[in-house]
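Data block below; observations after.
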Amino acid sequence: MSQFANQAIRKIDTAKQLLLQAKRTVVLTGAGISTPSGIPDFRSEGTGLWSKSEAMEVASLTTFRYEPSVFFKWFRPLARQIINAKPNAAHTTLATLQKENFIDTVITQNIDVLHQKAGSENVIEMHGTLRTLSCTQCFRQVDSKPFLEPFVKDGIIPHCTACGAVLKPDVILFGEQLPQKAWFEARAAARNCDLMLIIGSSLEVLPVAGLPMHMLDRGGHLIIINQTPTYLDIRADIVFREDAADILPLLEKQVLTHAR
Ligand SMILES: [Zn+2]
C-alpha cells in the first residue's frame, strides 16, 4: 500500500475516534462542499461567472437598491445553478451522520439549501437562503418557489404581490450584516460543542471564520477538510486536503461500522 493511502487511512481512523468520542459535534461548511454539485464559489477569484471584484460590486446591497436589474442579471445564472443542483456525497453523508446522532448542528455559509435537500436538520444559514424572498418596501416575506422559475426561465424580476415593490432574495449581499438570529445560534452551537468539522471553507470571512475559536478555547477538537490552507490548520487535530465528497463517505463507513 502506498504511503499516501496509509496516511489517509490513519487520518480517517483518527477522525472516526474523535467523532465517536465527541459529546456534541458541529459542522461548519463553506462553498467548497457545494462545488462538486456544480455551484461556483462567487466569492473566489476565477471560479465564478464574474471576477471577484465584479461580484463584490454587483452582489452588493448598494447595487440591489439602486440598480436591481443589474443585480438580477448577475444573479440569474447562479440562481439557475442553485435550483438545479443536487446534494453530493458530502451533503448526504452529513445528513446520515446527523440521523445517527453523530452530528448535532450544521452551520453553513452557503445559500444553496443543499444540506436541507440532503435531509439535514438544524441547519444554521449564516449567509441567508434562497428559500425565501423579502419585500423591500412592506417587508413581507414570501416563499421563493413561485418566483424562481419565471425568473430563471424568462428573467422575470420578482415583485411583491401586495405592494408591487421588488422582492429581494434573503441572501446576505456584500455590505449587509449577518442575520443576527443565525449568528447567535451559531455562536451558541460553537460554544457548546467539543468537536467541530470544517468542510470546504477557507475560513477567510469574519465573523464566521472566528467560530471555531469558541470551541478551541474550551479544549475542543478540530477536523478540517478543505483543499486550500486555513489559518486554523495549525490548531487542527487532522487536516484533509482532499475533496469532502471523497473523504466523508469513507469516514461515514468507518463510524457506522464501529457504532453497530
Ligand atoms: Zn411589498
Side-chain angles (χ1 to χ4, degrees), residues 29-31 34 37-43 48-87 105-189 205-208:
T29 67
S34 294
S37 291
I39 297 176
D41 176 9
F42 73 88
R43 287 164 196 266
L49 301 162
W50 299 50
S51 76
K52 190 176 182 178
S53 53
E54 282 172 326
M56 281 183 81
E57 196 184 318
V58 81
S60 70
L61 199 55
T62 313
T63 299
F64 188 87
R65 279 196 183 132
Y66 296 104
E67 294 176 283
S69 61
V70 173
F71 167 83
F72 279 108
K73 190 181 165 209
W74 169 81
F75 193 57
R76 198 171 155 198
L78 183 63
R80 179 183 291 124
Q81 279 159 326
I82 289 175
I83 61 172
N84 290 329
K86 291 187 174 61
T105 306
V106 177
I107 302 169
T108 186
Q109 294 172 287
N110 302 336
I111 57 165
D112 54 35
V113 205
L114 288 178
H115 286 299
Q116 293 94 327
K117 278 190 189 170
S120 275
E121 287 168 9
N122 212 4
V123 180
I124 304 173
E125 296 168 304
M126 300 307 298
H127 290 155
T129 179
L130 198 53
R131 280 180 300 167
T132 53
L133 310 170
S134 289
C135 179
T136 48
Q137 200 163 284
C138 72
F139 303 109
R140 141 198 310 244
Q141 192 180 48
V142 296
D143 186 347
S144 64
K145 247 187 208 144
F147 297 94
L148 277 183
E149 208 183 285
F151 167 59
V152 164
K153 224 173 130 224
D154 303 315
I156 296 168
I157 291 177
H159 283 83
C160 178
T161 49
C163 77
V166 173
L167 292 169
K168 178 188 165 295
D170 287 333
V171 299
I172 306 303
L173 303 179
F174 291 105
E176 238 184 320
Q177 296 283 324
L178 291 188
Q180 217 174 27
K181 184 170 171 279
W183 171 247
F184 286 136
E185 285 174 359
R187 202 176 52 182
V205 186
L206 284 169
V208 176

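Quick note: residue numbers are just sequence positions, from 1. Each ligand, and each atom within it, is numbered from 1 in the order the structure gives. What's counted below: heavy atoms across the whole structure, side chains too, no hydrogens, waters or symmetry copies.
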Within the 3.5 Å criterion, strictly below it, is a donor on S60 or T63 matched to an acceptor on the partner's side chain?
yes
Residue set satisfying ring pair (Phe, Tyr, Trp, His ring centres under 6.0 Å) with F64, at least two apart, ordered chain then number -> F71, F72
May I have all residue pairs that pass salt bridge (charged side-chain N to carboxylate O under 4.0 Å, His left out) and include part of residues 138-152, sequence neighbours excluded?
none
Taking Q109's backbone N and O only, do any of them form a donor-acceptor pair with H127's side chain (distance below 3.5 Å, no angle check)?
yes
Counting only protein N/O/S atoms, those under 2.8 Å from the Zn ion (ligand 1) total 4
Hey, could you give me the OG/CD1 distance between S37 and I82, rounded to the nearest 0.5 Å?
11.0 Å
So, using side-chain contact (heavy atoms from CB on, under 4.5 Å) as the criterion, who are the partners of V113 when residues are at least two apart?
Q116, T129, R131
